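Since the structure comes first, as structure tokens, the remarks are kept for the end.
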2 protein chains.
Amino acid sequence: MKLADPPMPETSGRRRRKDARPSEIAAAALAVFAEKGFAAARLEDVAARAGVAKGTVYLYFSTKEALFEAVVRDAFRPLLDGVGRARMDTSTSCADQLRGVLTIVYRELVATERRQIMRLLIAEAERFPDLVSFYHREIVSRGRGLLAAILADGVARGEFRDGPAVRQPEVVIGPAIMAAVWKLVFEPVEPLDLDRYAAAHLDLVMAGLSAREEAPPQVRGSARHAPRSRRAT
Amino acid sequence: MKLADPPMPETSGRRRRKDARPSEIAAAALAVFAEKGFAAARLEDVAARAGVAKGTVYLYFSTKEALFEAVVRDAFRPLLDGVGRARMDTSTSCADQLRGVLTIVYRELVATERRQIMRLLIAEAERFPDLVSFYHREIVSRGRGLLAAILADGVARGEFRDGPAVRQPEVVIGPAIMAAVWKLVFEPVEPLDLDRYAAAHLDLVMAGLSAREEAPPQVRGSARHAPRSRRAT
DNA sequence: CGGGTTAGTGACCGGTTGGTCAGTCAAAAG
DNA sequence: CTTTTGACTGACCAACCGGTCACTAACCCG
């Protein structure tokens, strides 16, 4: 496109509009979808919010489904490489790495309007299986990989206790997801103090993972007598 | 009505139908709403699934919104008193009480189709604020009260460590909510082994709460920097 | 300036669907 | 048997909305 364009920047007035339109429309569409859901969102509202006529939407998106998919796909784009880069330097303790990851989740997902994407994904999951696959591949499995690596490393270093939670890293971020859901549903009724909540989450998880010198808890019948490989400090 | 009706039981064949209809329609509506969402669900589908004509639905529910609210409200009715009764006898240890509550959540919410109610509530939360208030009042705040009581009792008995998580009981069930969401969204892509997951959840929570020995008052998450073996796997 | 290009428009169409209501008919009443 | 009741029906209506397309006008270039 832009390659081999020696003389002038081709973005003149009219042209600049054309380049800007798709993202303008996408932003408007995201707002409307988040507010109304897919089925109840009206294309005319999207157009109006973007400051264009309804026909213009169809210049850039062939159908309502296509618009929805494009919008929801791109909503996490800015975070995608962030997740990739998130492999922090291994010099810090695993506990701190874990703290860092959870803090990012709270700051970038739970606390921002991006959680509306979660609502859309939950609501329309079975109408848009491709979208679900995309998110699973690009976000969820990567995130879990990162988490699993940190936990495994923590066990290897003797920071963390080996146990079922290490092999089920989802458990560790579960409370954060619940916080996002809570804010999506109950925020008007009973708002959630995210700082306090996140602190409690961190506290519980750290205490639950950390390897104690005193190994065996009196937790009876935990159905899991795995060898606590406590690589003592 | 029924008073002063000496001769015969008035529930004859025709009458019995009238009594049965609302719940039949409600059951059908729940299925259709769960499958399609509120906006995309068609009243004719509901009627067909209930084995009646469309007009019949309007004999019992004045509008589509009313039908939705009635259906979603009643979906948890059978569990309501269950939650109330769930104040287990205080003879068992608080750890066991907590285990019991979480097990019930997994068995009655996460593992059953009832989690579809969660999807509906999340998806339509801002279109039905009354419904949200209802659930918050009848289910969520009761459940949290129960949890908080168990945790506080556990602290008093010296079973649990006092800490921020005790004052934020939501954190403790967070992973279960996440499991429900996971199954709602990613089940077709990557199914979740609920037993393994629940075991990991229990393990993490019990370890995170249990008071070890004399418990250093505030661990502040073992920020030990011990880069003893910086080798990754 | 004028002809050509193209982003943008909005009236319109057709299918869908929430909601209505005049009518049907089985059972209860007499 | 006839009459009355009321649960149930489904054709119908009107509004709504996704998608189309003939048209407009802003812009570019010679």
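Since the model is a prediction, treat every value here as computed from it, not as a measurement. Each chain gets a letter, A, B and so on, in the order its sequence line appears, and its residues count up from 1.
- When heavy atoms are screened at a 4.0 angstrom cut-off, B/Ala40 is found touching no nucleic acid atom at all.
- When distances run from any side-chain atom of B/Ala53 to the nucleotides C/dT9, D/dG10, D/dA7, the shortest one goes to D/dG10.
- Computed from coordinates, the B/Phe68 CZ to C/dG18 P distance equals 14 Å when rounded to whole Å.
- One can place CG of A/Leu67 at 13 Å from C1' of D/dG19, the figure rounded to the nearest angstrom.
- The side chain of B/Thr63 contributes no N or O atom lying less than 4.0 Å from OP1 or OP2 of C/dG18.
- Remark: A/Tyr58 is not in phosphate contact with D/dC21, judged by side-chain N or O atoms under 4.0 Å from OP1 or OP2.
- Distance from the side chain of B/Lys64 is smallest for C/dG18 among the nucleotides D/dT9, D/dG18, C/dG18.
- Scanning atom types as modelled, one donor and one acceptor separated by under 3.5 angstrom connect the side chain of A/Lys54 and the base of D/dG18.
- The existence of a salt bridge linking B/Glu187 and B/Arg115 is excluded, since no basic side-chain nitrogen approaches an acidic carboxylate oxygen closer than 4.0 Å.
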inquiry  = Could you go through B/Tyr135 and A/Phe186, starting from their C-alpha distance and side-chain angles, then the distance that decides it, and tell me whether this counts as ring pair (Phe, Tyr, Trp, His ring centres under 6.0 Å)?
reply    = CA-CA 9 Å; B/Tyr135 266 85; A/Phe186 297 115; 8.2 Å; no

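- Within the 4.5 Å cutoff, no side-chain heavy atoms of B/Phe76 are placed close to those of B/Glu138.
- Counting non-hydrogen atoms of other residues, nucleotides and ligands closer than 6.0 Å to CD of A/Glu44 gives a total of 12 or fewer.
- Atom CD in A/Glu44 sits roughly 15 Å away from atom P in D/dT20 (whole-Å rounding).
- When all heavy atoms of B/Lys64 and B/Phe38 are compared, the closest pair comes out as NZ-O, 2.9 Å.
- One interatomic measurement links the two molecules: CZ of A/Arg21 to C1' of C/dT6, which rounds to 14 Å at whole-angstrom precision.
- Two residues, B/Ser62 and A/Leu59, neighbour DNA chain C, and the one matched to the more 5' nucleotide by heavy-atom proximity is A/Leu59.
- Summarising the geometry, the separation between CG on A/Leu43 and C1' on C/dG15 is reported as 16 Å, rounded to the nearest angstrom.
- Nucleic acid contact class of B/Ala41 (heavy atoms, under 4.0 Å, all strands): sugar-phosphate only.
- Considering only the side chain of A/Thr56, C/dG8 comes nearest among D/dG19, C/dG8, C/dG10.
- Both A/Arg42 and A/Gly55 sit near DNA chain D, but only A/Arg42 has its closest nucleotide nearer the 5' end.
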